[in-house]
Every structure is written in structure tokens, then in C-alpha cells.
Amino acid sequence: MTELPKAYEPNFVEEKWQTRWMSEGCFHADPQSAKPAYSIVIPPPNVTGVLHMGHVLNNTIQDILARRARQEGKEVLWLPGTDHAGIATQARVEKELAKETPPRTRYDVGREDFVNMVWEWKEKHGGIIIKQLKKLGCSCDWERERFTMDSVFAPEVARAFTELFKEGLIYRGRRMVNWDPVLRTALSDEEVIMTPSKSKLYTIRYKLADGSGQLLVSTTRPETIMADVAVAVNPKDPRFGHLIGKTVIRPLVETEIPIIADDHVEIDFGTGALKITPAHDRTDFEVGMKNNLEIIDVLTADGHINCPACPELHGMDRFAARDKSIELIEAKGLLEKVEDYENNVGISQRSDVPIEPRLSMQWFLKYPCVEEAAAAVANGDIVFRPAHWAKTYAHWLEGIQDWCISRQLWWGHRIPVWYRKDKATELQEATKLDAEDAAAGDIYVGVEPPADPENWVQDEDALDTWFSSWLWPFATMDAECRAKFYPTSDLVTGPDIIFFWVARMIMAGYRFADGKKPFSNVFFTSIVRDLLGRKMSKSLGNSPDPLDLIAKYGADGLRFGLMRIAPTGTDVKFDEKQIEEGKNFANKLYNAARFRMMQGEASTDPAPKFTPVHIDILSKLKELHATVAEGLAKYEFNTYTQALYSFFWNEYCSLFLEAVKNDLRDGDPAVKNATLYTIDTVLRHYLALLSPIMPHIAEELWQSLGFAARYEGKPLMSTPLPQAEALLAGLDETEISKARALSTALYETANRARNLKAEYNLATNKKVRFILKPGALPLTDDLLARLALLAGSQSATADAAYEAPKGTPTALTPFGELFLPLDGLVDVEAERSRISKELEKMTKEIAKSQAKLGNATFVDRAPAAVVEQERARLAEWESKKAQLEAMLTALS
RNA sequence: GCACGAGUAGCUCAGUGGUAGAGCGGCUGUCUUACACACAGUUGGUCAGGAGUUCGAAUCUCUUCUCGUGUACCA
């Protein structure tokens with residue numbers, strides 16, 4: 001037997017198998033296959049992205065599902081790819097431009113050249129994450145890798161736009177949108193994060209034009225006062241009724257503006273008077289429309305003041321202008337007071353700066369198939385796990401607003417709309433454009449550009465990235481593939497994109513893919529946080545690099561460690577210690593296999609001589625099959641992982657292997673054969689069950705233990721799961737439960753024996769002699785020999801007539817009284833006190849149990865089985881108590 | 001404000017009506033010929049607080065507190 005290193009080195013092994021699997025086409029999905037289909041589409045990471053812990057969690061789960069499905073005989077498609085991520089990718093290249101000397105912007109480069117530069121960047125640096133997913137061991141069909149802007153996908157996006165436009169669901173209009181002044185683009189509501197912020201509430205005096213007094217008005221945004229067009233009060237407010245219809249003087253760029261009445265104003269809030277600035281506030285805009293007020297815009301697209309009438313502020317940054325405007329007002333003696341104030345400010349998810357409500361021309365979508373999408377989840381046609389996300393989903397759909405789908409970006413799908421050249425300016429300024437205008441022939445909408453391009457001008461805007469992502473489950477598949485693998489089976493993603501992506505995919509599925517839902521199950525993963533409960537982020541520097549973790553602990557170790565702590569339904573706090581445990585577990589597996597390899601050829605004995613411990617572990621293995629199947633069927637990945645861990649480490653290594661080691665050295669060859677057979681069976685089944693979560697080490701050990709030969713030499717990952725039914729097929733239930741009871745008793749007795757040694761400060765490896773005075777359970781030589789081995793003793797013997805010297809350490813075991821003779825070292829007092837202590841505990845338990853059984857209501861109402869269990873427990877304790885009392889008497 | 005999660009050992013988490021668990025950590029021993037990335041033993045909990053339902057509650061109900069997430073907003 002060749003000498004193997006003592007510790008498992010994952011890196012070489014993992015790379016070797018990743019290469020082999022791919023070269024043998026193990027991940028490839030065959031749409032022609034007769035097997036039942038199982039499919040997942042990957043949530044496409046940004047093409048600029050690098051692997052983070054969230055990806056690891058998410059993709060490990062998908063890989064477990066995919067690999068298990070293959071073992072269950074399904075034809076599996078796990079479709080990978082990346083997202084063009086409009087803003088992120090464009091920003092990435094703009095950053096490169098800014099670093100040049102002299103620095104350039106995309107405007108310096110021009111649209112066409114800039115877009116080419118982004119493509120170049122994508123080809124060169126994009127898709128790092130794909131390589132990283134491969135290092136994690138993901139079994140995606142890499143031959144089918146897609147990109148949301150590739151030549152197959154792009155026409156699908158334009159087609160979706162065109163259809164929705166023709167249906168009248170897409171329109172262009174001048175509306176209040178969320179404007180990002182740094183990126184200079186509109187954003188959807190979902191891209192704005194409402195954040196509580198500390199700010200100031202300024203109360204300002206607006207003088208009545210007739211000189212009869214003043215009106216106090218509070219605001220957090222004094223820099224927009226120049227855009228005020230009215231002051232509103234509630235019509236029911238008795239304080240101000242007489243003022244309605246009068247005018248006040250606007251404090252900056254002094255002009256008379258009217259005092260109007262509007263229900264929107266809360267009587268109890270602030271001063272009860274509200275300045276109306278339609279250009280810079282959503283609700284003010286509505287009030288303005290209702291009252292037919294002028295709209296004065298005093299901000300530029302990049303958030304600077306645009307108000308030549310107020311030269312002190314003109315051209316200033318919006319935040320600097322805030323302070324300056326207050327200075328100006330104070331100088332005029334119009335500042336009443338300044339208070340600290342906390343309000344919610346909308347922050348751009350992308351650029352992290354406060355957004356501006358801004359009136360601008362944008363494209364909007366009225367969502368299709370909203371009702372079908374809501375119903376599908378409500379009636380269980382699409383199952384959400386954990387189920388409570390269904391409520392969040394339903395709530396969002398109820399209050400759904402039209403989606404602003406245009407972005408003032410260059411990188412992305414350009415809006416497939418062309419304007420007639422001679423009317424282009426006029427058309428682009430129209431307050432509303434929709435299907436009717438297309439019918440009139442003024443605009444052209446289509447997948448292909450118009451036939452006479454020289455007569456047309458294309459819309460400048462690009463589409464929101466999510467407008468392509470929502471087509472992902474079907475636009476990634478060709479017709480053949482779709483016929484076999486659509487609808488997909490499972491979707492695994494984070495709950496943070498439930499609206500951005502999941503909900504929209506469901507609507508798109510019903511609308512565009514023959515009215516079929518895009519997937520049957522959605523599994524929402526936890527969000528990975530650091531130990532302080534904070535989200536992992538680059539700025540906090542609390543996000544470990546998964547590649548470092550793979551280098552340190554192996555991909556298998558990382559996968560296993562993370563899955564072991566990932567709860568279902570809540571966030572997971574990441575602790576590197578857990579990953580180390582994953583590595584330790586891999587090492588344990590490796591060494592257990594190495595131990596087997598040192599034992600020579602497998603057994604060919606047709607009738608191996610099983611002893612109770614053999615039957616016990618095989619029966620537990622059968623149970624493990626069931627636990628694993630159930631855990632995975634319910635998507636309880638931590639149950640699955642935990643079951644694998646405790647079976648192998650505790651049941652197989654710590655108990656079974658330790659109990660059978662001697663069989664392999666000498667003794668009955670038939671028993672040796674039984675042991676080899678059992679070890680091989682356990683390892684063979686176990687590696688198959690483990691393979692989905694720790695594929696590399698499972699495959700490596702499968703090969704080195706020679707199991708592949710049994711299955712036409714195929715890799716483990718392409719081998720069907722061994723059948724649990726074959727285990728212990730020749731034995732009946734009574735024999736099995738008898739063997740299990742004896743084994744449990746054996747292991748418990750061994751524990752007692754080790755306890756005795758430890759209590760007398762005897763080192764684990766100190767050879768001692770145990771004597772058992774047999775009790776109820778039958779003691780065989782086989783069990784005695786195993787007991788001796790487990791307890792680390794020279795011998796364990798049965799002696800019914802044994803007379804222990806007074807003070808000999810003893811313990812009660814399922815097999816009877818166990819003695820540890822310490823020749824010459826007896827201490828009567830120590831023994832008395834030990835036994836008394838145990839007796840005391842027993843008496844307490846008995847009292848508790850008697851009280852319970854003495855309670856008539858308990859006996860009447862509790863289920864019979866529970867009462868019976870309690871009675872049995874009491875009987876056992878009482879018998880133990882009697883024995884302990886006898887032991888105590890013998891000591892005196 | 002509303003909705004949804006979570007609060008169990010020093011840490012990370014299991015446990016959904018029937019004697020409070022695991023791993024790690026701590027402490028003691030041990031390099032016992034698969035594994036010191038290990039083995040053996042041991043320590044450690046008013047199950048966030050309170051009330052209720054029940055023969056019986058970590059588990060069900062109500063309530064309070066703390067943390068997280070989503071969502072709506074009044075300047």
C-alpha cells in the first residue's frame with residue numbers, strides 16, 4: 001500500500017476533478033434525453049462582479065440541488081451567465097477614463113466609441129466571477145453560458161419592448177422621477193433607499209404682500225425657495241382661513257406668490273403652512289398640477305443651482321447652496337428658527353447620494369400579468385421558501401406603480417424606438433407618446449432598425465438592466481432547450497431582489513413564455529452578515545474573499561462549513577471558525593478512507609459474520625439515507641449537512657470504527673470479512689450522499705477506494721445513488737432492533753468505563769482491567785472484547801461471582817455492575833460519596849416522576865404512550881436506585 | 001407608522017406540546033499504530049421579561065423590551 005500523507009490537501013484534488021468533470025462533459029445537459037428534466041437558471045452575477053460570500057451560499061445551494069438531481073436520474077440543466085449591469089459596468093469604464101491624463105469623460109469619447117470601450121473591457125476583465133464559480137465546483141453547463149447583451153439575448157429584449165409597446169403598456173411621458181445627480185440618470189423606485197437622516201428644519205417668515213403680517217413656513221430645503229410658487233394651508237384650519245387668496249412675498253427672488261388651500265397640508269404639523277415647490281417635490285408637484293401652478297426648476301441635472309435671478313446661489317452645489325440660502329434669509333431678518341430634525345431621505349442605491357425628485361421625460365411600463373403573478377404565489381403554483389416572503393411579494397404587487405424603464409446611460413440595451421427625422425425634436429418634447437403615435441407613422445418601434453435609417457433618429461436612452469434580467473429564465477434558452485427545460489424547477493436567490501427580479505420574472509414568464517410560470521420553487525437564501533450582524537460590504541472591509549477561504553480550507557470545506565451554519569429563513573452570521581470546521585471534516589473523511597486503504601482487499605465472503613455493531617451502523621446508514629432525502633426535499637440544507645456530519649464523525653468514526661478495529665488485526669476471518677464489507681458499504685453509500693455538498697473529496701475518495709470500478713468506471717457525480725433498500729435486506733426488524741439495542745448498551749457501557757478511568761485520573765491510554773457482574777442483557781464474548789477495546793483496557797471480563805474489595809470504583813451499566821479494580825488503591829470514602837451523589841440524583845428524579853404519575857389529570861389526559869414512557873422511566877430509576885443502595889450497603 | 005423575521009450555553013446555531021441539544025471555545029488528561037485538522041473526560045442555560053391556555057410550554061396565545069429586514073410617509 002502506498003504511503004499517503006496524513007493530512008488532506010484539497011487544492012490539487014479539487015482542481016483535478018473540476019478539469020476532469022468538464023472534459024468528460026459531466027455538467028452538460030442534453031435536451032434530447034429521455035430522463036425527466038431538472039433545471040435551474042443561475043441568478044446572473046454582474047459581469048463586473050467578484051465572488052462574495054452571498055454568491056458562495058447561493059451557488060452552493062444550487063449545486064447541491066443540481067448534483068443531487070443528477071444522482072436521482074434526472075437530466076439536469078444548470079444554466080450560467082452574467083448580467084451586463086448597466087450602471088455598474090459603465091461606471092467602471094468611466095473610472096478608467098477619469099484616471100487618464102488628462103482625465104476624460106464618456107462625453108469626450110462619444111457614444112459609439114465609449115460603448116466599444118465597454119465591450120473591450122468586458123471581453124478583457126469581465127466574467128472573473130465565472131472562473132471563481134468554477135473554483136467553487138459549480139456544476140453549471142458552461143457550454144451554455146449566456147450574457148444579457150449577447151446576440152441571442154438582445155433581440156429578445158427588443159422584442160419584449162416592442163410587444164409591450166404595441167399593447168399599450170409602454171409609454172413615454174413627462175413625469176416626476178427619482179433623479180440621480182451624480183450618474184445623471186433616472187432610477188426606478190426600487191433603486192432608491194429611504195434612509196433616516198439627521199437634518200435641520202428651518203422656519204422662515206413669509207411676509208404678507210399687503211403688509212398686514214407674516215406666515216411662518218417650515219422647510220428642510222431652503223435652497224429651493226426660489227422655486228416656490230405658492231404657500232398652502234389646510235382649508236379647515238381656522239387660523240388661516242382669512243388668508244386664503246392673499247399673497248406673500250417669496251423670501252428669495254422676491255415675488256408675490258398666492259396663499260392657496262389644499263387638503264394635503266396637515267394642520268398639526270409644523271406651522272400648518274407649507275411652501276409649494278412643484279419642480280422639486282413629488283407631492284408639491286401634484287398640488288401644483290391640481291391648482292394649475294407654474295413649475296420653476298432651479299436645479300441642473302448634476303445637482304447645481306440654476307437661478308440667474310439669484311446670483312449669490314447660481315451655480316452652487318445643492319448642499320452648499322442650502323447653507324448659503326439660509327445666510328441670505330437670515331440677513332434679511334426672515335429666519336424664525338432652526339431645529340434639529342430627523343427625516344427620511346431617498347438615497348441612490350448606485351451612487352449613494354440623495355436623489356432629486358425631478359420632472360423629466362422617461363419611458364414607463366404598466367406591468368403585464370400582475371394578477372396572474374399574484375395568484376400564482378397565493379395559490380401555491382409557485383412556492384416560496386421560506387413561505388413568509390409570499391406576503392412581502394403580495395404587498396408589493398398590491399401597491400405596484402408603473403416602472404420607469406429608461407436610463408440616461410450608454411451601456412445597455414438602447415431603447416428600440418426611432419423618431420421621424422423631420423419631426424424628431426417635436427416628438428421628443430411631446431408630453432406623451434404611445435402606441436397611437438406609432439400607428440400614425442411618426443415613430444417606429446421594432447427589433448430591427450427601420451429599413452431607411454437615414455430618415456430616423458433613435459431614442460438616446462438605454463433600458464434599465466432589470467428590463468433584460470426579467471427575461472432570463474426563457475430568453476437564455478433556444479427552442480429545443482426550452483421544450484425540455486422550461487419552466488425551470490428551482491430558483492435560488494436572495495430576498496433583497498424579490499421585487500427587482502423575482503416578481504418581474506414571474507410576470508414576464510406569464511406574458512412572454514406561453515403563459516407559463518418561469519419556475520416552480522423559489523428558495524430565498526439568508527443574507528450573510530459579519531459577527532456583529534452587519535451586512536458584508538467592501539467599505540466596511542468585513543467581507544472575506546471566498547478565494548482566500550478556498551485556498552485556506554478548500555472549496556469543499558468552505559461549502560460544507562457555510563451550509564452547516566446557514567439557517568433557513570434568517571440571516572447567517574459568518575464566522576471563519578465554521579469554515580475551518582469544514583476543512584477539519586474533510587480531513588476526517590480523508591483519514592477514515594486512508595484507514596480503510598491500509599486494510600487490504602475487500603471481502604468476497606458470501607456470508608460475512610455480522611455482529612451487533614455491524615448491523616447497528618448499517619441500520620443507521622439506512623436512516624441517514626432517509627434523513628438526507630427528507631432534508632433535501634424540504635430544502636432544509638442545515639438538516640442535511642448536520643445529519644451527514646454527525647453520522648460520519650460520531651456514529652461511524654467514534655463508535656463503529658473504534659469498536660471494530662481489532663477485527664482487522666486478528667481473530668475470526670469471517671468477522672473480519674463482515675467488518676471490511678460493512679466499512680466498504682458505509683463508505684460507498686456515504687460518499688454518494690455527501691457528493692452534492694463536498695463533491696471533490698467525495699469523488700477523490702470514491703476513486704481511491706476503488707468504488708468506481710463497480711459502476712463502469714464512471715465518476716461518482718455521474719453515478720446513480722446507491723439504493724438504501726439493499727441495506728440489511730436479509731434481516732428482519734426484530735433482529736435489527738435487537739442488534740441496535742445491544743450496540744447502544746455497549747457504547748453506553750464503554751462510556752461508563754471511560755468515566756471511571758477519568759474520575760480516578762487514569763490516562764486514556766493506561767491499560768486497566770474491567771469486571772462486569774452481568775445483569776439483564778446477555779453478554780457475549782464479542783461484546784466483551786469490543787468493550788475492552790472501546791474503554792482502552794487490557795481486558796473486560798464477566799464474572800457473576802465477583803466479590804469486589806471494599807471501595808472498588810463501580811458504575812451501573814445496561815449490562816450490570818461494572819468494576820474497575822484498583823489493586824491497592826481502594827478508597828472506601830471516595831466511593832461512598834460518589835455513589836451517594838448518584839443516589840441523590842436518582843431519588844430526585846424518582847420523586848419528580850412519581851409526582852407526575854400521581855397527578856390524576858396527567859394520567860387521564862396525556863396520551864397513553866407518554867404515560868407508559870413515564871412509567872418505564874420510573875421503573876428503571878427505581879431499579880437503579882435499589883442497586884445503588886445495595887452497593888452502598890456493601891461498602892459499609 | 002405598518003408588515004415580516006429574530007432573541008436558547010462565552011460564540012455560531014439545532015430543537016414547534018412530553019426529562020433543554022450539537023459544534024466550537026474554556027478546563028483536565030492523552031502524540032493509544034486513520035486523523036493533535038485528532039482522541040477521552042469535563043465545565044457551562046430562569047430558553048429576552050411578564051401574563052395566560054394546558055395535566056404539562058423553549059414550543060401555542062396576549063403583552064413589553066431589544067435587534068434586523070421590508071414598506072409608507074408631514075414640509
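Predicted model only: the values in this text are computed from it and were never measured.
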Check: Considering only heavy atoms and no angle criterion, is a donor-acceptor pair shorter than 3.5 Å present between the side chain of A/Lys757 and the base of B/A40?
Finding: no

Item checked: Separation between the P atoms of B/U8 and B/U46, rounded to whole Å -> 12 Å

Item checked: Which residues share a side chain to side chain donor-acceptor pair (under 3.5 Å) with A/Asn650, sequence neighbours left out -> none

Notebook entry, point to check: A/Glu581 near the nucleic acid: base, sugar-phosphate alone, or nothing, with a heavy-atom cut-off under 4.0 Å?
Noted result: sugar-phosphate

Checklist line | Nucleic acid contacts of residues 276-285 of chain A, taken as heavy-atom distances under 4.0 Å to RNA chain B | finding: A/Thr283

Next item on the list: Apply side chain to side chain donor-acceptor pair (under 3.5 Å) to A/Glu878 and list each qualifying residue two or more places apart in sequence or on a separate chain.
Entry: A/Gln850

Next item on the list: Would you kindly say whether A/Glu630 and A/Thr627 are connected by a side-chain donor-acceptor distance under 3.5 Å?
Entry: no

Notebook entry, point to check: Quick one: salt bridge (charged side-chain N to carboxylate O under 4.0 Å, His left out) partners of A/Arg596, sequence neighbours excluded?
Noted result: A/Asp680

Note to self: Applying a 4.0 Å non-hydrogen cut-off, can you work out what A/Val265 is touching in the nucleic acid: base, sugar-phosphate, or nothing?
What the structure shows: base

Next item on the list: Scan every strand shown for a Watson-Crick or G-U wobble partner of B/A20, both distances under 3.5 Å, and answer none if you come up empty.
Entry: none

Check: Expressed as a whole number of Å, how far does the C1' atom of B/A9 sit from that of B/A58?
Finding: 14 Å

Note to self: Restricting to salt bridge (charged side-chain N to carboxylate O under 4.0 Å, His left out), what partner residues turn up for A/Glu700, sequence neighbours left out?
What the structure shows: A/Lys16

Item checked: Complementary nucleotide of B/A34, counting Watson-Crick and G-U pairs under 3.5 Å -> none

Notebook entry, point to check: If pairing requires Watson-Crick or G-U wobble contacts with both distances under 3.5 Å, which nucleotide is the partner of B/C60?
Noted result: B/G52

Notebook entry, point to check: Taking only N and O in the side chain of A/Asn751, is any of them less than 4.0 Å away from OP1 or OP2 of B/G41?
Noted result: yes

Note to self: Quick check for you: among B/G18, B/C13, B/G23, whose closest atom lies nearest to any side-chain atom of A/Gln869?
What the structure shows: B/G18

Checklist line | Whichever of A/Glu190 and A/Asn755 has its nearest RNA chain B nucleotide further upstream toward 5' | finding: A/Asn755

Margin query: Pairing donors with acceptors under 3.5 angstrom, does anything connect the side chains of A/Tyr206 and A/Asp228?
Written below: yes

Next item on the list: Under 4.0 Å between any heavy atoms, over every strand shown, what does A/Pro863 touch: base, sugar-phosphate, or nothing? Just pick one.
Entry: base

Checklist line | Sequence neighbours excluded - side chain to side chain donor-acceptor pair (under 3.5 Å) pairs with any residue from residues 862-871 of chain A | finding: A/Ser849-A/Glu870, A/Glu870-A/Arg873

Next item on the list: Using atom CG of A/Leu790 as one end and atom P of B/C39 as the other, report the distance to the nearest whole Å.
Entry: 14 Å

Next item on the list: Would you classify A/Tyr202 as touching base, sugar-phosphate or nothing, given that sugar-phosphate means primed atoms plus P, OP1 and OP2, and contacts are heavy atoms under 4.0 Å?
Entry: nothing

Note to self: Starting the side chain at C-beta, find the nucleotide from B/A3, B/C37, B/U71 nearest to A/His395.
What the structure shows: B/U71

Margin query: What's the gap between B/C31 and B/G15 when it is taken at their C1' atoms, as a whole Å value?
Written below: 37 Å

Notebook entry, point to check: From A/Ile329 CD1 over to A/Glu336 CD, what is the distance, rounded to the nearest 0.5 angstrom?
Noted result: 13.0 Å

Item checked: Base B/C35 to side chain A/Lys6, donor-acceptor N/O within 3.5 Å cut-off -> no

Item checked: Distance between C1' atoms of B/A14 and B/G7 (Å, rounded) -> 15 Å

Notebook entry, point to check: Counting any heavy atom closer than 4.0 Å, what does A/Trp649 reach on the DNA or RNA strands: base, sugar-phosphate only, or nothing?
Noted result: sugar-phosphate

Next item on the list: Would you mind telling me which of B/A75, B/G18, B/A34 lies closest to the side-chain atoms of A/Ala592?
Entry: B/A34

Check: Of the nucleotides B/A3, B/A38, B/C35, which has the atom closest to the A/Asn584 side chain?
Finding: B/A38

Item checked: Nucleotide nearest A/Asp575 (side chain, heavy atoms from C-beta), chosen from B/G23, B/C11, B/A75 -> B/C11

Next item on the list: Using the P atoms only, state how far B/U54 lies from B/C2, rounded to an integer number of Å.
Entry: 31 Å

Notebook entry, point to check: Taking only residues two or more places apart in sequence, or in another chain, which ones meet A/Pro258 in a side-chain contact (heavy atoms from CB on, under 4.5 Å)?
Noted result: A/Ala230, A/Ile260

Checklist line | Pairwise C1' distance, B/G49 and B/U12 [rounded to whole Å] | finding: 24 Å

Next item on the list: Check whether more than 12 heavy atoms from other residues, nucleotides or ligands sit under 6.0 Å from atom NZ of A/Lys290, and answer yes or no.
Entry: yes

Next item on the list: Please state the C1' separation for the pair B/A57 and B/G50 - nearest whole angstrom.
Entry: 15 Å

Margin query: Of the listed nucleotides (B/U12, B/A34, B/G70), which one gets closest to any side-chain atom of A/Lys588?
Written below: B/A34

Note to self: Suppose we screen for side chain to side chain donor-acceptor pair (under 3.5 Å). Which residues come up paired with A/Asn755, at least two apart in sequence or across chains?
What the structure shows: none

Margin query: Does the structure show a Watson-Crick or G-U wobble partner for B/G29, both distances under 3.5 Å? Name it, or say none.
Written below: B/C39

Next item on the list: Give A/Lys577 one of three labels, base, sugar-phosphate or nothing, depending on what nucleic acid heavy atoms sit under 4.0 Å from its own.
Entry: sugar-phosphate

Next item on the list: Under the side chain to side chain donor-acceptor pair (under 3.5 Å) rule, collect the residues that match up with A/Lys588, sequence neighbours excluded.
Entry: none

Checklist line | Spacing of A/Asp284 atom CG and A/Ile276 atom CD1 [to the nearest 0.5 Å] | finding: 4.5 Å

Note to self: Just to be sure I understand the rule, does A/Phe499 reach a base, reach only the sugar-phosphate, or reach nothing, if contact means heavy atoms closer than 4.0 Å?
What the structure shows: sugar-phosphate

Notebook entry, point to check: Which is true for A/Glu759 with a 4.0 Å heavy-atom rule: it touches a base, it touches only sugar-phosphate, or it touches nothing?
Noted result: nothing

Margin query: Please list all pairs meeting ring pair (Phe, Tyr, Trp, His ring centres under 6.0 Å) that have one or both residues in residues 571-596 of chain A, counting only residues at least two apart or in different chains.
Written below: A/Tyr8-A/Tyr590, A/Phe560-A/Phe585, A/Phe585-A/Tyr645

Note to self: B/A40, OP1 or OP2 - any side-chain N/O from A/Arg754 closer than 4.0 Å?
What the structure shows: no

Next item on the list: Provide the distance between the two P atoms, one in B/A38 and one in B/A72, to the nearest whole Å.
Entry: 50 Å

Check: Looking at the side chain of A/Met598, which of B/G18, B/G23, B/A34 is the nearest nucleotide?
Finding: B/A34

Note to self: With rounding to the nearest 0.5 angstrom, report the CD to CD distance, A/Glu14 to A/Glu9.
What the structure shows: 11.0 Å

Write down the protein N/O and nucleotide N/O pairs, taken from nucleotides 26-31 of chain B, whose separation is under 3.5 Å; answer none if there are no such pairs.
{"from": "B/G29", "atom 1": "N2", "to": "A/Thr764", "atom 2": "OG1", "distance (Å)": "3.1"}

Note to self: Any non-hydrogen side-chain atom of A/Ile204 less than 4.5 Å from a side-chain atom of A/Leu216?
What the structure shows: no

Short heteroatom pairs, N/O only, protein and nucleotides 20-22 of chain B, under 3.5 Å:
none

Next item on the list: Quick one: look up who B/G68 pairs with, Watson-Crick or G-U, both distances under 3.5 Å, and put none if it's unpaired.
Entry: B/C4

Checklist line | Which nucleotide in B/C74, B/U12, B/C37 has an atom nearest any side-chain atom of A/Phe269 | finding: B/C74

Next item on the list: On RNA chain B, check which nucleotide each of A/Lys391 and A/Tyr341 is closest to and give me the residue with the more 5' one.
Entry: A/Lys391

Next item on the list: Select one nucleotide: of B/U69, B/A40, B/A75, the one nearest the side-chain heavy atoms of A/Arg529.
Entry: B/U69

Next item on the list: Would you kindly check whether a donor in the side chain of A/Glu658 faces an acceptor in the base of B/A40, or vice versa, at under 3.5 angstrom?
Entry: no

Notebook entry, point to check: Which one is paired to B/U46, where only Watson-Crick or G-U wobble pairs with both distances under 3.5 angstrom count?
Noted result: none

